[in-house]
Amino acid sequence: MPAQADAIVLFGGTGDLARRMLLPSLYFLDVDRFLPDGFKIVATARADMTREAFLDEAHKILQGRPEGLDEAVWARFSARLEYVTADATTAEGCAALKPALQGAKQPFFYLAISPSLYEKVCVALAACGLATDDTRIVLEKPIGRDLETSRQINKGLSAVFDENQIFRIDHYLGKETVQNLIALRFANTLFEPLWNNLTIDHVQITVAETEGVGDRWPYYDEYGALRDMLQNHMLQLLCLVAMEPPADMEPDSVRNEKVKVLRSLRRFTRAEVVDRSVRGQYTPGVVGGKEVKGYEAERGQKSGTETFVALRADIDNWRWAGVPFFLRTGKRLPERRTLISIQFKPVPHSIFGQASSHDLMANRLVIDLQPDEDISLTLMNKAPGLSQGGMRLQSLPLSLSLLANFEGAGGRRRIAYERLLLDVIQGDPTLFVRRDEIEEAWRWVDGVADAWSEANLAPKPYAAGSWGPPGAFALIERFGRAWSD
Ligand code: BG6
């Protein structure tokens with residue numbers, strides 16, 4: 001059993017991620033008594049700030065959340081908090097953390113900072129003696145912008161840490177429904193025999209956001225939807241849908257299976273890219289009843305970056321040969337919705353007359369991740385009542401509304417980072433992304449990006465509040481399917 005961590009050092013402790021996700025997640029872990037006794041939280045950044053000022057900030061952040069703040073928990077939580085002003089890229093800066101870590105035997109380090117600083121901080125941690133053979137280090141995306149740059153980052157890290165010490169976050173893996181996908185597939189006998197190209201027609205994965213890029217454009221303009229969402233979150237979802245059953249839930253068993261899927265993804269060629277992918281960029285429009293700017297107005301100049309991508313992926317292995325995976329993600333779409341839809345094949349022969357056959361729809365398993373967490377299986381059944389000229393059929397969902405069931409048990413919806421932080425504390429890397437996974441994902445995504453540039457495929461405009469450029473509909477229709485809603 002790996003040793004339980006007894007402290008976290010949060011680099012980028014005053015940043016956006018720390019404020020929105022990490023501090024609240026740590027607080028909620030404390031609410032549920034998951035933080036070990038004496039666990040310390042040391043936030044650090046260059047900003048000159050006293051501990052009191054940091055505590056005030058943290059209090060405000062937590063109080064401002066919809067869940068509200070429990071002052072009794074706050075008393076316990078705030079006693080754990082320290083703030084250290086330091087330049088973590090130097091050994092002296094890292095050494096300044098030591099007094100706050102006094103007594104901690106197993107601190108771990110969370111780099112919520114620019115990836116361009118990862119290597120320097122790791123070297124500084126080693127130089128001041130804070131990085132040992134058991135030290136865990138947690139990294140945020142983006143790990144590189146392509147295979148080459150991700151390798152450079154990974155190489156820099158591996159000079160100081162072994163792979164089993166490195167925890168690369170993909171926060172989608174911390175989402176309840178994403179883990180539930182593993183349970184659904186491997187804790188039931190029902191689906192696995194059907195989970196292949198004999199029964200499944202195609203798979204769709206949609207991650208739709210209503211938010212625009214806003215003032216994140218300096219980062220986003222360099223990455224675009226392909227690198228920001230598809231390379232990581234969406235390929236992780238695809239891997240969990242497509243992987244073979246691992247022998248157990250040991251970290252490497254699951255990750256080995258995911259890597260095999262990534263290796264089986266068919267490379268894009270220049271000839272195919274136009275038929276199999278669409279890039280889009282939002283122009284002004286209306287989202288949620290409000291007029292919003294186009295991407296270029298936010299960016300302040302013309303840009304060739306896509307804020308929408310749709311593509312057909314193929315997994316060249318025995319299980320999935322011939323089953324298209326349609327992936328689609330975009331900003332400024334009409335609704336926030338993340339779903340995985342498994343479309344089964346139609347019945348091979350209809351015993352119902354002409355009129356009834358018209359109603360016959362193939363089964364579909366829809367896994368909704370957000371905003372609602374729901375798993376539903378549409379089944380055909382007889383419409384109640386009498387009818388003339390054959391049986392009337394209807395399709396109805398068999399629905400497992402996770403939130404409703406969970407709320408009944410007094411639960412609340414967790415932040416994905418809670419699960420992941422708890423796993424780091426316990427030293428369980430199963431839900432973190434291994435180096436070879438990241439690199440295989442980049443290899444495939446580089447192929448898409450290269451094919452786009454060879455084919456000069458510029459993003460097509462779409463009005464904010466629409467479902468992307470018309471080409472996204474044409475893409476899926478070209479292969480005889482339609483997007484699920
Ligand atoms: C991040 C991307 O990784 O995921 C953002 O950088 C995106 O652009 C976000 O908005 C989406 O996460 P979620 O959990 O809100 O779906």
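Counting convention: from 1, in listed order, for ligands and their atoms alike. All residue numbers refer to positions in the sequence shown, counting from 1.
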* Asked: Phe344 ring centre to Arg364 NZ or CZ under 6.0 Å, with the angle to the axis within 45°?
  -> no

* Indicate the ring-plane relationship of Tyr282 and Tyr462, choosing parallel, tilted or perpendicular according to the 30° and 60° boundaries. => perpendicular

* Asked: Hey, does the side chain of Ser253 reach the backbone of Pro246 with a donor-acceptor pair shorter than 3.5 angstrom?
  -> no

* Are there more than 12 heavy atoms of other residues, nucleotides or ligands under 6.0 Å from atom CG of Asp215? -> no

* **Donor-acceptor contact below 3.5 Å, side chain Gln179 vs main chain Gly174** => yes

* Below 4.0 Å from any atom of ligand 1, which residues have a heavy atom? Give them in chain and number order, please. => Lys141, His171, Tyr172, Lys175, Glu209, Arg216, Asp228, Met229, His233, Lys331, Arg336, Gln370

N/O donor-acceptor pairs under 3.5 Å from side chains in residues 13-24, not counting sequence neighbours:
from: Asp16; atom 1: OD1; to: Arg20; atom 2: NE; distance (Å): 3.4
from: Asp16; atom 1: OD2; to: Arg20; atom 2: NE; distance (Å): 3.0
from: Asp16; atom 1: OD2; to: Arg20; atom 2: NH2; distance (Å): 3.2
from: Arg19; atom 1: NH1; to: Glu57; atom 2: OE1; distance (Å): 2.9
from: Arg19; atom 1: NH2; to: Glu57; atom 2: OE1; distance (Å): 3.3

